J.: 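This is the structure I have questions about; it appears just below.
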2 protein chains.
Amino acid sequence: MGTLDPSLVDGMPPFADLTPADLDFVLSLAKPVRYPKGTAVFAQGGTADSFFVLLHGHLQVVKLTPEGRQVVLRYVSPGEMFGIAVQTGRAAYPATAVAVADSIALAWPSDCWPALLTRCPALAAGIMRTVGSRLDEAHLRVVEMSTQEVERRVAHALVRLVRQAGRPVGEGIRIDFPITREDVAQMTGTTLHTVSRILSSWEQQGLVESGRQRIVVRDPDRLFALAERDGAR
Amino acid sequence: MGTLDPSLVDGMPPFADLTPADLDFVLSLAKPVRYPKGTAVFAQGGTADSFFVLLHGHLQVVKLTPEGRQVVLRYVSPGEMFGIAVQTGRAAYPATAVAVADSIALAWPSDCWPALLTRCPALAAGIMRTVGSRLDEAHLRVVEMSTQEVERRVAHALVRLVRQAGRPVGEGIRIDFPITREDVAQMTGTTLHTVSRILSSWEQQGLVESGRQRIVVRDPDRLFALAERDGAR
DNA sequence: CGTATACTTGAGCTTCCTCAACGACGGTGG
DNA sequence: CCACCGTCGTTGAGGAAGCTCAAGTATACG
């Protein structure tokens, strides 16, 4: 059995700076795995025995509170690493990753991380950058939740989704995976009712066009303005 | 001029695993700097030309929004690293660090990080763990702000402060640096008024005892229960 | 002793959540 | 192909948590 095609991870930040030989080595340790829609890649609290790069599809990363409430931490798009708990010295995954569309990921066993690291020290820097930008995003979200009202937070969430998983369609940009009002609510710390009202209002203003598990942004500029601009009506 | 006393960083996680010789090397590149109360160690947006370990005192790390609102990201206590932006590949500090008490820090020039890394690769893992746990904390805070009411968030903030900077006094544990209602509000995403009301109410219940820039927790157990327990009164 | 900064407390109001009911879409099986 | 049913979405009414506005009071520092 040959090694995987290097073009699979073409241009993915952590692997971009590797020599072809090193890349081959890295890929030789990985296994591609399919995750049909609805299946979990790993579960919060489970032993962190692998880390991943998403090749195809979309994942939702959720955190469950002791009281049973869910919060969506982020969505994973192709090209992104996820499940990188070993690298941060954690034995267990701090959240659950679920495929929201049929997905394929490359999986590395956690215990090959030391070998990878000695062979390609540059990987460490790449991971550091990744974790660093996750930290920035998390801090940004804390600031947002501390200072902005719900409508603006929802606008911001949609902007991020469009940037990350936007797919141009007829008249607008569509979020490229099924997403419910409840999902958006769990991203923004509100309720599905409030999200529904906001989307309804935006729909009347021609800002978005949405339906069952489907959101199409028709006017990205105005949405962006809503997210960024001052409380100015 | 000799090198710094290794006992300065005794038991500080990122340096714990270094050989005495390596530790000497690391310390030879650092300079101790004093930051009187009220002065900034670095400012948000400024070039990240140094990284630090706090030796003495306490810092507040704040993020400023475009609209001019402040959010307190964390407090730094002795032994903790801070300003580690180079390590995550950032050119500028994402937040401002201000001394809330007279403080002393060890400062390394950012450009000596590569040299440090080649000499002591183990440092990378230590930093990764640090950044990883910051990420966990940030995510925890997002979850908290999404799901818990203000009183509980304030309780949680106080618990963390007690753990991190609690100093036993006569009858209780005191937060070991000046902290205002406004500061607590900026940690929890609320207003100084609400914090004031909550502390007043807790004071009447004998839970805390507080005054101008001063908070003493008299009953840590009950405070902890307030922070962790279900909405059960 | 005066002034600046921090804290307290009340009253009213806004935002958003909760509760409730209904409507619509889409997949499944007859 | 149609009817059914589960899931998702919409919308209204009421209420509560916490913010805003507004005084007024204490504490430290010069």
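Computed from a predicted structure; not experimentally measured. Labels below follow one simple rule: chain letters A, B, ... track the order of the sequence lines, proteins then strands, and each chain is numbered from 1.
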J.: Within the structure, does a side-chain N or O atom of T194(B) lie under 4.0 Å from either OP1 or OP2 of dC19(D)?
T.: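 Looking at the OP1 and OP2 atoms of dC19(D), one of them is under 4.0 Å from a side-chain N or O of T194(B).
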J.: Does CZ in R163(A) sit with more than 12 non-hydrogen atoms of other residues, nucleotides or ligands closer than 6.0 Å?
T.: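 No, CZ of R163(A) has 12 or fewer neighbouring heavy atoms, counting only those of other groups under 6.0 Å.
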J.: Do the side chain of H193(A) and the base of dT11(D) come within less than 3.5 angstrom through a donor-acceptor pair of N or O atoms?
T.: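 Checked by distance alone, the answer is yes.
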J.: Can a salt bridge be assigned to the pair R218(B) and E209(B) using a cut-off of 4.0 Å between side-chain N and carboxylate O?
T.: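 Salt bridge flag = yes for E209(B) with R218(B).
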J.: Report the residue (T191(A) or L199(B)) whose heavy-atom-nearest nucleotide on DNA chain C is the more 5′ of the two.
T.: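 Result of the comparison: L199(B).
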J.: Does S196(A) put a side-chain nitrogen or oxygen below 4.0 Å from OP1 or OP2 of dG9(D)?
T.: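 It does not, given that no N or O in the side chain of S196(A) lies less than 4.0 Å from OP1 or OP2 of dG9(D).
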J.: Judged by each residue's nearest nucleotide on DNA chain D, which is more toward the 5′ side, Q148(B) or L192(A)?
T.: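 The answer here is L192(A).
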J.: Using whole Å, report how far CD1 of I198(A) lies from P of dC16(C).
T.: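 To the nearest whole Å, that distance equals 7 Å.
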J.: Roughly, in whole Å, what's the span from CD in E203(A) to C1' in dA24(C)?
T.: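 These atoms are roughly 14 Å apart.
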J.: Between atom CD of E144(B) and atom NE2 of H139(B), what is the distance when rounded to the nearest 0.5 Å?
T.: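 These two atoms lie 14.0 Å from each other.
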J.: CD of E209(B) versus P of dT8(C): gap in Å, rounded?
T.: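 Rounding to the nearest Å, CD of E209(B) and P of dT8(C) are 12 Å apart.
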J.: Return the orientation label for the F52(A) and Y93(A) ring planes: parallel under 30°, perpendicular over 60°, tilted otherwise.
T.: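 The rings of F52(A) and Y93(A) sit tilted, inter-plane angle from 30° to 60°.
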J.: Under 4.0 Å between a side-chain N or O of T190(A) and OP1 or OP2 of dC16(C)?
T.: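 Checking dC16(C) against T190(A), no side-chain N or O comes under 4.0 Å of OP1 or OP2.
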J.: Would you say the side chain of R197(A) and the base of dG9(D) hold a donor-acceptor pair, judged only by whether the two atoms sit under 3.5 Å apart?
T.: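 Answer no: no donor N or O sits under 3.5 Å from an acceptor.
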J.: Which whole-number value in Å describes the distance from Q213(B) CD to dC7(C) P?
T.: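 The distance from CD of Q213(B) to P of dC7(C) comes to 6 Å, rounded to the nearest Å.
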J.: S200(B) side chain N/O closer than 4.0 Å to the phosphate oxygens (OP1, OP2) of dC7(C)?
T.: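 Answer no for this pair, as no side-chain N or O of S200(B) is under 4.0 Å from OP1 or OP2.
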J.: Expressed as a whole number of angstroms, how long is the span from D183(B):CG to dA6(C):P?
T.: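 In whole Å, dA6(C) P lies 9 Å from D183(B) CG.
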J.: Could you point out which residue of V76(A), D176(A), I179(A) forms a side chain to side chain contact (heavy atoms under 4.5 Å, CB included) with H58(A)?
T.: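 For H58(A), the side chain to side chain contact (heavy atoms under 4.5 Å, CB included) test succeeds with only one of V76(A), D176(A), I179(A), which is D176(A).
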J.: Measure the distance from CD on E149(B) to P on dA16(D) and round it to the nearest whole Å.
T.: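 Result: 14 Å.
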J.: Using OP1 and OP2 only, check whether a side-chain N or O of R181(A) sits under 4.0 Å from dG9(D).
T.: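 So the side chain of R181(A) is within the cut-off, an N or O lying under 4.0 Å from OP1 or OP2 of dG9(D).
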J.: Give the rounded distance in Å between these two atoms: CH2 of W202(A) and C1' of dT10(D).
T.: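 Computing the W202(A):CH2 to dT10(D):C1' distance gives 17 Å.
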J.: By nearest nucleotide on DNA chain C, pick out whichever of R212(A) and I179(B) is the more 5' one.
T.: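 The 5'-side residue here is I179(B).
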J.: Mind calculating the distance between CE (M145(B)) and P (dG18(D)) to the nearest angstrom?
T.: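 From M145(B) CE to dG18(D) P: 11 Å.
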